[in-house]
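This report refers to the structure that appears directly beneath it.
Quick note on labels: first sequence line is chain A, next is B, and so on, each numbered from 1. Just so you know, these numbers use all the heavy atoms, side chains as well, and skip hydrogens, waters and symmetry mates. Owing to the predicted nature of the structure, the values given are computational and were not obtained by experimental measurement.
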Amino acid sequence: MPVIDNGAQVIIVKSKARSYAPGVQAENLLNALRSKEEMDRQNPRHPKPRTMIEKVQIVGKDDLTATDAALYELFIAWARDEDHKRARGRERAEKASASKAERKRDDLDFPRDASVVGGTGDGAVTDIYAIPYDAVRAYANLHGAVDTPEQLLSCLNRLSRTTVRYNVRDETFRNRGVVNLLNSGLKTNEATGKTVVEFSLPPYVHGLLSKPGSWGYLELRAFGRFRNKYTGRLYQRLALIAGYDNHVRKPLEIEPRKLAEEIGFKWTRYVDFKRNCLNPALEEIEKWVERFLVDFKEEKGAASGRGRPGVALLRFTMTPRGDRKIVELSAPSMTWSDANAAKAGDKVLTPDQLPSAGAVARALKHIRFPHALTGADLSEFWRAAVDEVLEGFTPSHAPAPGMVDVHGERLLASIEMDGADQAFFAWAEASALTGRFFRRTEDLSIPRDICHLMHPKSLEPTEGETPDQRRLRYAKDTAATIVWGLAGLLKRRMPGERTVLPEDVIDTYCDIDTLPWSLVSEHLPDKGAMLRRALTMMLKTRIERHPKTGRNRAVPAMGIERRRATLRNLVSATRKENWSAVHRIACAVVHAPGDNCPF
DNA sequence: TTCGTGTACCTTAATGCTCA
DNA sequence: TGAGCATTAAGGTACACGAA
């Protein structure tokens, strides 16, 4: 149902939040693990949830080595890969059964993450995974650190006894809880002599893998070669930011002590932190990470008394490594059908908006896609993506574009500035990571009665715009997106998946570090301190007993209607650039607690 | 044996305060 | 106003310990 917002009816989906879990980017993960050459060629990347990157803190003894951390990332990637295989199997089975009896769509409200892996139905997932021993050993031995079963067992033992705290709220997890990283061990079949590494993830951690949100794409190849225990911890934080859209990506600015605390470095002096942690970590990241480069700067603090002023702020600026120019890439031959599909005219797109057959062929050769695609597939997906922008409509069942995706006005601007070929290549590279735009034009069934209301002015390309103006426009666009999300117009993601309710995504809208709030903060008198407090309060939870199951669960401390109304007011003020109104609303939330709010 | 990690000690640099 | 002193933190070197 459209919602009235400042006199205009709008329907949008949240651009930041993804409503499904992306898969591991690897042609064949097992082959990549077994062979160093395959690892270098495939360079598998796995999406790690932002929560797992930012909110985890090791509790107690921290004797994990760089190899241990690499193995942990491997296990996370493996679990995700296995979950996806099972999910695809489930989808095929559902399709088969759907042909026999028409399903009642509203009855299919089962949790995706539990059904994928055969969980208990309450979000708890209890699967045990097994990876061939030789594959794990080969991966752990990428830099010659682990060779024997005893050495591998030592790694697994350290991982199994390490406990972490996730400082997040969730419907099933209390933020003061502590869980093991994982449980793991070696298992040998005495009859066949075959050995596997078995592991299981704690249910809460496993559940995070399939939750909607933002992701940091981590390169397993790089992880396997890190030798410094802190490199992987710093790398994940940088990779998370490096994956953001060019227009919203800001440098990571953080106090040295805070960063040290976050990555588990015992603070003594800055020079020790730099020497033993930052320098080796940055060297290794530069040497092994393919996706981005890091520029590191120190900022001295203001003199506050006697003595030499120390380093007050660290600034890490990430830039994509090697933005590839399509004309510099070799062009392979193409099948007759692929070439015809690429050259075919389009009812909506102009010839200037269609990539050449050569561009499609280059994308197929030089971009690593998660699944086998043909040129005809890519051409079709591109037309659907541009069509979506031109119509100004996002299908209700489509997942929201991620920060990595090239979409919206940026896509049109890229076509105009760089040409269809280069724009297509950049779009294909991003889509290979997210999979967001791999769908058909027939999915774009637009209800004409509301279509004219959904074409945000911000989608029109503008000239002479400064980066700040562009960022402001992007923030306002995201604010409009939130309005659509709050209106409950995210009906379904895919056939058979459960309904996405506004309350499912409200938490992602309360993220102060993302647009529009990151930009809004810059305009507020207190630099967004009050807004941060307000959004934090909206994320607070309290524990209550479930009326049916009797189990304790965490529920939002602030009522859903009040959270929704507050967010709507905030984004409405943001769209009008009424910063004082944003500040007043934030103050009202902080100082005037209402229903169920403990403050 | 090599290398990562942590610690200790000394020197150097930067800044503010005091006083002639 | 400038020299000298006090204070604080970085830079550099060396060494011990333990994991790989």
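- The salt bridge (charged side-chain N to carboxylate O under 4.0 Å, His left out) analysis of residues 195-209 of chain A, with sequence neighbours excluded, yields the pairs A:Lys187-A:Glu198.
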Review item, nucleotides 1-7 of chain B N/O atoms under 3.5 Å of protein N/O:
| from | atom 1 | to | atom 2 | distance (Å) |
| --- | --- | --- | --- | --- |
| B:dT5 | OP1 | A:Lys229 | N | 2.4 |
| B:dT5 | OP2 | A:Asn228 | ND2 | 2.5 |
| B:dG6 | OP1 | A:Tyr230 | OH | 3.0 |
| B:dG6 | OP2 | A:Tyr230 | OH | 3.2 |
| B:dT7 | OP1 | A:Lys266 | NZ | 3.3 |

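- Atom-to-atom, CG of A:Leu278 to P of C:dA10 comes out at 12 Å; the value is rounded to the nearest Å.
- Residues meeting the side-chain contact (heavy atoms from CB on, under 4.5 Å) test with A:Thr188, sequence neighbours left out: A:Thr195.
- Applying the 4.0 Å criterion to OP1 and OP2 of C:dA9, one finds that A:Arg257 has every side-chain N and O outside that range.
- A straight line from CZ of A:Phe273 to C1' of C:dG12 spans 19 Å, rounded to a whole angstrom.
- In this structure A:Tyr72 satisfies the ring pair (Phe, Tyr, Trp, His ring centres under 6.0 Å) test with no other residue, sequence neighbours excluded.
- With C:dG11, C:dA10, C:dA20 as the candidates, the nucleotide lying closest to the side chain of A:Lys274 is C:dG11.
- Remark: A:Tyr133 pairs with no residue by the ring pair (Phe, Tyr, Trp, His ring centres under 6.0 Å) rule, at least two apart or across chains.
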* Stepwise, does the side chain to side chain contact (heavy atoms under 4.5 Å, CB included) test hold for A:Leu234 with A:Phe265? -> CA-CA 11 Å; A:Leu234 177 63; A:Phe265 184 88; over 6 Å; no

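- The side chain to side chain donor-acceptor pair (under 3.5 Å) test applied to A:Arg161 returns A:Asp63, not counting sequence neighbours.
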